[in-house]
Amino acid sequence: MPHFPNKEEKIHRSAKQDLFQAPDFYAIDDLLSEEHKLIRDSVRDWVKKDVSPIIEDCAQRNIFPRHIIKGMADAGAFGPQLPAEYGCGGLDYIAYGLIMQEIERGDSGMRSTASVQGSLVMYPIYKFGSEEQRKKYLPKLASGEMMGCFGLTEPDHGSNPAGMVTHFKDMGDHYLLNGAKMWISNAPFADIAVVWAKNEEGKVRGLIVERGMEGFTTPETHNKWSLRASATGELVFDNVRVPKENLLPGVEGLKGPLTCLNSARYGISWGVIGAAMDCYDSAVRYSKERHQFGRPIGGFQLQQKKLAEMLTEITKAQLLCWRLGHLMNEGKATPAQISLAKRNNVDMALHIAREARQMHGGMGITGEYPLMRHMMNLESVITYEGTHDIHLLILGMEITGENAFV
Ligand code: TGC
Ligand code: FAD
């Protein structure tokens with residue numbers, strides 16, 4: 001059974017105050033609209049109030065805090081970039097990025113829940129679904145009444161989704177789906193799954209599979225050292241009868257799921273800035289409080305070097321995302337530009353988490369500080385939605401025109 005808190009098992013709320021202050025060295029706030037800042041600040045307040053006090057306990061005990069879904073939906077985290085007529089946010093891509101940044105400042109697993117719901121479930125239904133599918137699913141997904149997951153990766157096909165073996169047959173009045181997906185965020189509790197599978201001609205199509213369909217199960221993945229507050233699982237399809245109206249009519253081929261990944265990878269590029277800022281903020285504070293050799297450790301040049309480099313990298317990542325957000329708004333961002341931002345920013349955040357962890361000495365390995373949690377989470381983030389090396393190869397192909405994948 002998935003590990004969700006029940007009535008007997010209360011999540012512990014820490015009394016420790018979240019003192020986070022975001023660095024803004026290049027006055028990037030001046031580039032944001034009043035609406036952007038309002039949205040960013042309200043999500044930041046929600047994270048301080050509802051995520052920070054429980055996240056350490058959830059991560060330590062490997063619990064997904066299901067009760068948080070309602071607050072996340074109210075914070076506008078589910079499909080903020082999709083039209084308001086379907087109950088979504090109707091916001092631009094800068095607002096979307098800022099929301100992801102603030103949620104991941106709290107925890108990458110919480111951001112995973114939001115980005116899967118918004119970019120990988122709602123977006124394909126909006127972009128490739130029929131009007132009936134949009135009306136049926138989008139308002140419920142936006143409000144968190146319904147949760148979804150996205151099934152692309154398989155046990156033997158991760159970086160190379162084109163090799164997928166999950167398939168479906170046309171049985172006249174329904175499709176018969178067989179196969180399995182692995183490493184699926186939100187799977188253990190999702191009400192629906194957007195599943196990518198091959199038809200009899202070997203073409204990749206998207207299907208909406210609903211919990212309760214006979215032959216469909218979602219076993220949870222255990223023993224993760226990363227994203228411990230996020231629920232991960234498999235999707236197993238054993239002769240699942242999928243109604244024909246659940247096929248996404250608007251796309252055929254791998255470009256379907258890859259188009260959704262553009263949106264999610266963009267969100268990650270912003271999200272990880274949040275995790276990096278949290279580590280930096282903690283390190284600055286600790287460097288002033290912690291004394292060794294009769295002075296604050298922040299007075300030593302080696303510690304200052306770490307802080308100066310962290311701030312430099314965060315500032316560069318902020319500017320990168322701001323520009324990419326505008327390209328997204330104009331519909332001009334290319335997949336390779338998104339790969340550059342995802343690859344650079346996740347690596348940047350992981351490096352900062354490791355450096356900040358060292359600056360906290362022994363305390364850095366405890367749950368008193370968020371560093372190990374961010375660091376371990378980011379090991380998943382640098383792997384999912386295309387690994388660090390896969391994004392390098394996407395860039396390499398863009399530069400040279402040569403495909404180095406095969
Ligand atoms: P290739 O032959 O290059 O392309 C096949 C078709 O797709 C088109 N295409 C894209 N379309 C839109 N956006 C993109 N980014 C696209 N990239 C390619 C392409 O034009 C072509 O279209 P058409 O019309 O000619 O058919 O495909 P390939 O098989 O050589 O693979 C390319 C590669 C390796 C880059 C791709 O498969 C890839 O990105 N692999 C990484 C897999 C990945 O990212 N998986 C993510 C799974 S989901 C996940 O991790 C969610 S975690 C969520 C969370 O918890 O936050
Ligand atoms: P592999 O593809 O087996 O890669 C192993 C190594 O080989 C990597 O270092 C990779 O970079 C390298 N490699 C592979 N091919 C090449 C090449 N051509 N050249 C050079 N190096 C190469 N998937 C979903 O569909 N939905 C989800 O919701 C989802 N959530 C996830 C949540 C978590 C916590 C994790 C860890 C993963 C999730 N994934 C999800 C799966 C994720 O997208 C895959 O793990 C990722 O795409 C890598 O695939 P793989 O793990 O099979 O690694």
Side-chain angles (χ1 to χ4, degrees), residues 62 64 77 100 103-104 107-121 123-124 127-128 147-164 166 180-188 190 193-197 202-204 206 218 220-235 251-272 333-340 342-343 346 376-398 403-406:
N62 196 191
F64 173 69
M100 295 302 120
I103 296 179
E104 191 146 4
D107 188 76
S108 303
M110 297 295 99
R111 196 268 308 133
S112 265
T113 299
S115 45
V116 167
Q117 181 87 341
S119 283
L120 298 181
V121 178
Y123 179 79
K127 180 94 178 155
F128 307 126
M147 293 300 290
C149 65
F150 175 89
L152 179 64
T153 306
E154 299 189 351
D156 294 327
H157 302 94
S159 297
N160 178 27
M164 71 171 71
T166 299
K181 300 287 176 180
M182 196 181 175
W183 293 117
I184 308 302
S185 302
N186 298 359
V194 170
V195 176
W196 300 94
K203 299 255 165 66
V204 173
T218 60
E220 191 178 12
T221 302
H222 294 287
N223 299 330
K224 291 181 299 171
W225 282 114
S226 174
L227 293 187
R228 288 175 59 79
S230 158
T232 314
E234 294 166 51
L235 304 176
V251 76
E252 189 178 272
L254 205 57
K255 66 173 175 285
L258 292 176
T259 301
C260 308
L261 290 176
N262 292 335
S263 172
R265 290 167 176 172
Y266 166 76
I268 288 176
S269 308
W270 279 90
V272 293
T334 65
Q337 286 170 335
I338 296 168
S339 283
L340 187 153
K342 193 267 182 185
R343 181 173 186 275
V346 181
M376 294 193 296
N377 283 343
L378 289 163
E379 290 292 344
S380 284
V381 184
I382 205 164
T383 300
Y384 66 33
E385 306 249 13
T387 67
H388 192 62
D389 286 342
I390 289 296
H391 288 294
L392 178 136
L393 296 178
I394 292 171
L395 283 168
M397 185 155 69
E398 176 81 3
N403 182 348
F405 288 109
V406 285

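Both ligands and their constituent atoms are indexed starting at 1 by order of listing.
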For this session: Look only at interatomic distance and state if N403 has a nitrogen or oxygen under 3.5 Å from any nitrogen or oxygen of ligand 1.
Result: no

Exercise. For ligand 1, is any non-hydrogen atom under 4.0 Å from S112's backbone (N, CA, C, O), its side chain (CB onward), both, or neither?
Worked result: both

Exercise. Y384 to ligand 2: N or O pair under 3.5 Å?
Worked result: no

For this session: Could you tell me whether F405 approaches ligand 1 through its side chain, its backbone, both or neither, with non-hydrogen atoms closer than 4.0 Å?
Result: side chain

For this session: Determine if the distance from atom 19 (C) of ligand 1 to the closest protein heavy atom is below 4.0 Å.
Result: no

Problem set entry | Structural part of L261 in contact with ligand 1, heavy atom criterion under 4.0 angstrom | side chain

For this session: Flag atom 23 (P) of ligand 1 as yes if some protein heavy-atom distance to it falls below 4.0 Å, otherwise no.
Result: no

Problem set entry | T153 contact mode with ligand 1 (heavy-atom cut-off under 4.0 Å) | side chain

Exercise. Do protein heavy atoms approach atom 29 (O) of ligand 1 to less than 4.0 Å?
Worked result: yes

Exercise. If you measure only the distance, is there a donor-acceptor pair under 3.5 Å linking the side chains of S339 and R343?
Worked result: no

For this session: Give a yes/no on ligand 1: does G253 have at least one heavy atom closer than 4.0 angstrom to it?
Result: no

For this session: Please state which part of I394 comes within less than 4.0 Å of ligand 1, counting heavy atoms only: side chain, backbone, both or neither.
Result: side chain

Problem set entry | ligand 1 contact by G109, heavy-atom criterion under 4.0 angstrom | no

Problem set entry | Heavy-atom protein contact below 4.0 Å for atom 26 (O) of ligand 1 | no

